[in-house]
Structures are given as C-alpha cells and as structure tokens.
Amino acid sequence: QVQLVESGGGLVQAGGSLRLSCTASGRTVSDYAMGWFRQAPGKEREFVATVIWSFGTTVYTNSVKGRFTISGDRAKNMMYLQMNSLKPEDTAVYYCAATVNRYGSRLYSEYDYWGQGTQVTVSS
C-alpha cells in the first residue's frame, strides 16, 4: 500500500501560481501511475493530470494544458503540480492519487489510493 499526503494549497488571485506537492510513503511511486484530480463544490471529481513513470509521459485535461505541469521526483517519492495562470474556475479541492495500473487513467474509479485533499481557491 501507499499513503499520500498533499500540501501547497491556498488562496491566490487570478493569474497567480501555486505548487502542490504529494508525498508518498509505504511504497515507491515507481510502482504506480499517479495523478491529480480536483473536485469543486457540487461537482464530480474530475481528472487534471497524470504521470506515467513507465513511459515517462504526462497527460492533461484540456482545460489546464499549457498552464499546469505535473512532475515527480521518484528518489524522494514525491509528485508535484505546478499551476500557473490560475483562474477562478480552478477553485477546488485537489487530490493526489495512485493506481496500480501503470498505464495510468483519466478515470477516478481506477485509482486505488488517495490523499486527503488540499484546497485551492482562486479569487477574481
């Protein structure tokens, strides 16, 4: 099993930046594909980005392409989400997740482990 803890959320003005971190413990992140999801009030949890260590690839949802960057440091068992040019519609609780499916997925139902979430609020 792996335990995930997010950090780095907060309140930022539109156009600003935040960097989220996900600390993994229990097993190495290389054993999983990992991703970021978010959930706004009254909405379903949605896919943001995933990193597939096996292939060295990243995938993003269209609304964050060019603004967000997912990365990781396998030696430190860490994953990051750099968020630039933030918009009010990016406001949500952001979750770090891991799946044993090494090909990764956009579907939250395919992720096996989740962090507790970190709030990101973007003011206009």
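All figures in this text were calculated on a predicted structure; none of them were measured in a lab.
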*Quick one: does Val120's side chain get under 4.5 Å of Arg38's, heavy atoms only?*
no
*Kindly compute the distance separating CG (Asp112) from CG (Asn101), expressed to the nearest 0.5 Å.*
8.5 Å
_Exercise: identify the closest heavy-atom pair between Gly16 and Val12_ = CA-CG2, 3.8 Å
*asked:* Are Gln119 and Thr91 packed together at the side-chain level, in the sense that at least one heavy-atom pair is separated by less than 4.5 angstrom?
replied: yes
*CD1 of Ile52 to CE of Met34: how many Å apart, nearest 0.5 Å?*
13.0 Å
*With rounding to the nearest 0.5 Å, note down the distance linking OG1 in Thr118 to CG in Leu81.*
11.0 Å
*asked:* Please find the pair of heavy atoms, one from Ser17 and one from Ser85, that lie closest to each other, and give the distance.
replied: OG-N, 4.3 Å
*Among all residues two or more places apart in sequence or in another chain, which pass the side-chain contact (heavy atoms from CB on, under 4.5 Å) test with Gln13?*
Ser123
*If you group Ile, Leu, Val, Met, Phe, Trp and Tyr by side-chain heavy-atom gaps below 4.5 Å, do Phe47 and Tyr94 land in one group?*
no
*For Glu6 and Gln116, indicate whether the former's side chain and the latter's backbone hold a donor-acceptor pair under 3.5 Å.*
yes
*asked:* Any non-hydrogen side-chain atom of Phe68 less than 4.5 Å from a side-chain atom of Thr58?
replied: no
*Find out whether Arg67 and Asp90 are in side-chain contact, i.e. whether some heavy atom of one side chain is under 4.5 Å from a heavy atom of the other.*
yes
*Identify the heavy atoms of Ser124 and Ala14 that sit nearest to each other, and give their distance.*
CA-CB, 4.4 Å
*Would you sort out whether Ile70 and Met79 count as a side chain to side chain contact (heavy atoms under 4.5 Å, CB included), showing the intermediate values?*
CA-CA 7 Å; Ile70 188 172; Met79 183 177 67; 3.9 Å; yes
*Leu20 versus Met83: any side-chain heavy-atom pair under 4.5 Å?*
yes
*Under a 4.5 Å side-chain heavy-atom rule over Ile, Leu, Val, Met, Phe, Trp and Tyr, are Val59 and Leu107 clustered together?*
no
*Drop me the distance from Arg106's CZ to Tyr111's OH, to the nearest 0.5 angstrom.*
9.5 Å
*Rounded to the nearest 0.5 Å, how far does OG1 of Thr23 lie from CG of Leu4?*
9.0 Å
*Take atom OH of Tyr103 as the centre, draw a 6.0 Å sphere, and report whether it contains more than 12 heavy atoms from other residues, nucleotides or ligands.*
no
*Residues that Gln1 engages under side-chain contact (heavy atoms from CB on, under 4.5 Å), provided they are two or more places apart*: Gln3, Tyr113
*Whichever hydrophobic residues join Met78 through chains of side-chain contacts under 4.5 Å*: Tyr80
*If you round to the nearest 0.5 Å, how far is NZ of Lys87 from OG of Ser63?*
8.0 Å
*Could you tell me whether the side chain of Tyr95 reaches within less than 4.5 Å of the side chain of Gln39, counting heavy atoms only?*
yes
*Tyr60 side chain to Gly66 backbone, donor-acceptor under 3.5 Å*: no
_Testing the basics here: between Val93 and Gly117, what is the closest heavy-atom pair and its distance to 0.1 Å?_
CG1-CA, 3.8 Å
*asked:* With heavy-atom distances below 4.5 Å as the criterion, would you say the side chains of Val51 and Tyr32 are in contact?
replied: no
_Using 30° and 60° as the class boundaries, would you call the ring planes of Tyr108 and Phe37 parallel, tilted or perpendicular?_
perpendicular
